[in-house]
Participant: 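Take a look at this one; I'll ask things after.
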Amino acid sequence: MRNIAVIGCGYVGLVTGTCFAELGNAVSCIDTDAGKIRGLRAGKMPFYEPGLLELVLRNQHSGRLRFETSVADGVADAEFVFIAVGTPMAQNGEADLRFVRQAAMELARCVPPGAVVVNKSTVPVETGDLVASILREHGPDGMQLSVVSNPEFLREGCAISDFMSPDRIVLGISDARALEKMKELYAPLNAPLVITDVRTAEMIKYTANAFLAMKISFINEIANLCERVDADVKDVVAGAGADRRIGTAFLNPGLGFGGSCFPKDVSALTHIAEKYGVPSRILPAVLLANKYQIERTLDKVDSALGGVSGKLVGLLGLAFKPNTDDIRESPALALAQLLCERGALIAAHDPEAMENARTTLPPSVKLVEDAYEAANDADAMIVATDWNEYKQLDFSIVRKIMRGNTVVDARNIYDPRTVSKHGLNYIGVGRSARLPAPSLDAAIVDV
Ligand code: NAD
């Protein structure tokens with residue numbers, strides 16, 4: 001059993017702290033948001049993440065997991081202090097390190113001797129040096145200091161299994177003592193370790209996210225071209241992805257990427273490249289292509305309806321992806337905003353994100369109880385987030401209750417044949433207008 005403190009109870013901090021407690025450690029999770037800590041102490045989750053509530057309650061009950069508002073209370077006796085605060089996008093697109101600096105300053109005043117300070121937040125190159133210099137300057141004289149970079153790769157929606165069974169654990173470390181301690185801490189996960197220096201570890205995280213975002217923008221462009229040349233992108237992905245050098249993961253065209261990571265991390269890496277005098281040509285294009293995808297979807301609805309002004313659109317999905325209530329940078333919300341600006345009326349549904357979305361959406365957007373209510377009387381229906389519960393809609397009912405017949409499958413979750421046979425006008429992303437015989441379908445591994 002190790003004593004661990006985690007600063008920041010967001011998606012990463014809370015999952016990390018809870019999972020370490022589940023592995024038998026004593027963990028204190030700290031957050032400046034007193035309301036969040038009050039809620040967590042009372043067993044109320046600040047966000048939706050499948051399976052997390054049960055894990056929090058179990059570990060709280062066993063006394064291995066506690067919640068604090070004060071860094072000093074939380075880190076007393078800690079052998080490891082994880083910094084997992086937010087690193088949002090600043091006005092100019094850089095990573096805003098305000099919370100990291102603040103956490104490091106608070107930590108400097110109370111860091112226990114010999115504790116390993118671990119940076120889990122996604123941060124630009126040299127932030128490990130920044131944290132170390134804050135601790136050195138404001139901490140006790142002659143303190144033994146180890147600052148480790150241990151970026152997190154969990155995905156919202158499957159964060160617990162991602163933490164417990166990671167593809168790899170990246171450890172950016174400059175001293176042998178901290179390395180041995182970190183190896184021991186992560187030993188129960190039995191995962192491959194990538195051990196490197198701190199700056200390389202910081203680069204690894206941005207490289208991974210930027211590459212995944214690039215794959216999405218790339219396949220969206222290919223899908224758009226498929227529409228023009230009457231090819232089917234699903235089959236293109238199956239054929240190209242069968243090459244082991246390519247694979248099919250993250251080659252699922254749609255409405256573009258969103259969330260709290262890809263947009264800000266691509267933007268931050270663009271700025272890092274600029275700052276170091278190696279400007280990127282690819283990264284700005286990734287963001288541009290992503291923005292265009294939303295406009296393109298809007299144009300598809302617009303032209304199918306002969307203008308969206310005054311038309312009722314049923315919008316399925318508001319979260320940036322399924323299995324989360326996170327709406328940060330959600331393309332679904334951006335699409336809703338644009339539709340409203342063009343005068344559309346919207347009835348929107350999301351299984352988890354409606355409460356979060358309510359204050360962000362234009363007030364004219366009506367939030368409804370389920371997909372069928374969203375489709376009711378609608379001139380068009382759009383699937384903006386690929387929640388499982390939208391995958392098996394009864395299209396005979398949908399056809400009856402809709403006023404119009406346009407179904408825009410912006411996440412390619414339906415078989416065009418299934419939708420079209422009910423007299424609906426199916427519009428997917430990069431799907432061929434010619435519907436192939438079922439026997440000719442290429443096998444697709446969905447990701
Ligand atoms: P978040 O915004 O959900 O949570 C951050 C939390 O830190 C908030 O609750 C905030 O109140 C708290 N905080 C801020 N300053 C603090 C301080 N000085 N002391 C204590 N608490 C403080 O952020 P998140 O989504 O958990 O992301 C955290 C970091 O991890 C970011 O750098 C992000 O890029 C990275 N990351 C996120 C994900 C993800 O899926 N969300 C995945 C991998 C990495």
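In each ligand, atom 1 is the first atom listed, and ligand 1 is the first ligand listed.
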Participant: Identify, by atom number and element, the atoms of ligand 1 in contact range of Gln102, meaning under 4.0 Å from any of its heavy atoms.
Facilitator: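 Under 4.0 Å from Gln102, ligand 1 has these atoms: 18 (N).
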Participant: Under 4.0 Å from any heavy atom of Ala103, which atoms of ligand 1 are there?
Facilitator: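 Near Ala103, the atoms of ligand 1 are 18 (N).
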Participant: Just which atoms of ligand 1 are under 4.0 Å from any heavy atom in Thr122?
Facilitator: 31 (C), 32 (O), 33 (C), 34 (O), 35 (C), 36 (N), 44 (C)
Participant: Between Asp31, Asp33, Val85, which one has a non-hydrogen atom sitting closest to atom 11 (O) of ligand 1?
Facilitator: Asp31
Participant: Have a look at ligand 1 and work out which part of Arg155, if any, has a heavy atom under 4.0 Å from it: side chain, backbone, both or neither.
Facilitator: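 Near ligand 1, Arg155 shows nothing, with every heavy atom at 4.0 Å or more.
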Participant: Show me which atoms of ligand 1 lie under 4.0 Å from any heavy atom of Thr32.
Facilitator: 11 (O), 13 (N), 16 (C), 17 (C), 19 (N), 20 (C), 21 (N), 22 (C)
Participant: Going by the atom numbers of ligand 1, which of them fall below 4.0 Å from some non-hydrogen atom of Ile7?
Facilitator: 19 (N), 20 (C)
Participant: Backbone, side chain, both or neither: what part of Ser121 comes under 4.0 angstrom of ligand 1, heavy atoms only?
Facilitator: both
Participant: Identify the closest protein heavy atom to atom 5 (C) of ligand 1: which residue and atom is it, and at what distance?
Facilitator: Gly86 N, 3.5 Å
Participant: What I want to find out is whether Glu329 reaches Lys264 closely enough, with some N-O distance under 4.0 Å, to be called a salt bridge.
Facilitator: no
Participant: Can we say Arg358 and Glu355 salt-bridge, meaning some charged N sits less than 4.0 Å from an Asp/Glu carboxylate O?
Facilitator: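 No, this pair does not count.
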Participant: Would you say Glu79's side chain and Asn3's backbone share a donor-acceptor pair under 3.5 angstrom?
Facilitator: yes
Participant: Flag the pair Phe20 / Phe80 as yes when their ring centroid distance falls below 6.0 Å, and as no otherwise.
Facilitator: no
Participant: Between Asp232 and Lys234, is there a side-chain N and carboxylate O pair less than 4.0 Å apart?
Facilitator: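 Looking at Lys234 together with Asp232, the answer is no, because their closest N to O distance does not fall below 4.0 Å.
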Participant: Under 4.0 angstrom from ligand 1, any heavy atom of Arg101?
Facilitator: no
Participant: Which residue and atom name correspond to the protein heavy atom nearest atom 3 (O) of ligand 1, and how close is it?
Facilitator: Gly10 CA, 3.4 Å
Participant: Give the numbers and elements of all ligand 1 atoms closer than 4.0 Å to a heavy atom of Val12.
Facilitator: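 Those qualifying, in numeric order: 26 (O), 30 (O), 36 (N), 37 (C), 38 (C), 42 (C), 43 (C), 44 (C).
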Participant: Please indicate whether any nitrogen or oxygen in Tyr11 is less than 3.5 Å from any nitrogen or oxygen in ligand 1.
Facilitator: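 Indeed, backbone or side chain, Tyr11 has an N or O that close.
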Participant: Which ligand 1 atoms are under 4.0 Å away from a heavy-atom of Thr87?
Facilitator: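 Per the distance check, 31 (C), 32 (O), 34 (O).
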Participant: Please tell me whether Gln293 and Asn224 have a donor and an acceptor in their side chains that are separated by less than 3.5 angstrom.
Facilitator: yes
Participant: Ligand 1 and Cys261, any nitrogen or oxygen pair closer than 3.5 angstrom?
Facilitator: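 The answer is no, given that Cys261 and ligand 1 share no N or O pair closer than 3.5 Å.
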Participant: Looking at Arg342 and Asp299, is there a salt bridge between them, counting it only when a charged N and a carboxylate O are closer than 4.0 Å?
Facilitator: yes
Participant: Charged N to carboxylate O under 4.0 angstrom, Arg199 versus Asp197?
Facilitator: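 Judged by the 4.0 Å cut-off on N to carboxylate O distance, Arg199 and Asp197 do not form a salt bridge.
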Participant: For the pair Arg136 and Asp129, evaluate salt bridge (charged side-chain N to carboxylate O under 4.0 Å, His left out) and give the outcome as yes or no after the intermediate values.
Facilitator: CA-CA 10 Å; Arg136 214 174 282 118; Asp129 301 309; over 6 Å; no
Participant: Note the single closest protein heavy atom to atom 42 (C) of ligand 1, along with its residue, its atom name and the distance in Å.
Facilitator: Leu154 O, 3.5 Å
Participant: Numbering the atoms of ligand 1 from 1, which are under 4.0 Å from a heavy atom of Lys36?
Facilitator: 8 (C), 9 (O)
Participant: With a 4.5 Å heavy-atom cut-off, do Thr127 and Ser149 have their side chains touching?
Facilitator: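 With C-beta onward as the side chain, the pair stays apart.
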Participant: Regarding Asn59 and Arg64, do their side chains bring together a donor and an acceptor under 3.5 Å, going by distance alone?
Facilitator: yes
Participant: Might you point out which heavy atoms bring Met45 and Leu53 nearest each other, and give the distance in Å?
Facilitator: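 The pair with the smallest heavy-atom distance is CG-CD1, 3.6 Å.
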Participant: Taking the six-membered ring of Phe153, is NZ or CZ of Arg168 closer than 6.0 Å to its centre and within 45° of its axis?
Facilitator: yes
Participant: Counting both backbone and side chain atoms, is some N or O of Glu152 under 3.5 Å from an N or O of ligand 1?
Facilitator: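 It does not: no N or O of Glu152 is found under 3.5 Å from an N or O of ligand 1.
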Participant: What part of Ala84 sits under 4.0 Å from ligand 1 if we count only heavy atoms: the side chain, the backbone, both or neither?
Facilitator: backbone
Participant: So between Lys120, Lys321, Lys264, whose heavy atom ends up nearest atom 34 (O) of ligand 1?
Facilitator: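 Result: the heavy atom closest to atom 34 (O) of ligand 1 is in Lys264.
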Participant: Among Tyr206, Phe153, Phe262, Phe99, which one has a heavy atom closest to atom 14 (C) of ligand 1?
Facilitator: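 Comparing heavy atoms across Tyr206, Phe153, Phe262, Phe99, the nearest one to atom 14 (C) of ligand 1 lies in Phe99.
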Participant: Out of Arg328, Glu156, Glu106, who gets a non-hydrogen atom closest to atom 25 (O) of ligand 1?
Facilitator: Arg328
Participant: Identify the protein heavy atom lying closest to atom 7 (O) of ligand 1, giving its residue, its atom name and the separation to 0.1 Å.
Facilitator: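 Going by distance alone, atom 7 (O) of ligand 1 is nearest to Gly8 CA, 3.5 Å.
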Participant: Taking Glu94 for the side chain and Ala268 for the main chain, is one N or O donor matched with an acceptor at less than 3.5 Å?
Facilitator: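 Side chain of Glu94 to backbone of Ala268, a donor-acceptor pair under 3.5 Å: no, none is there.
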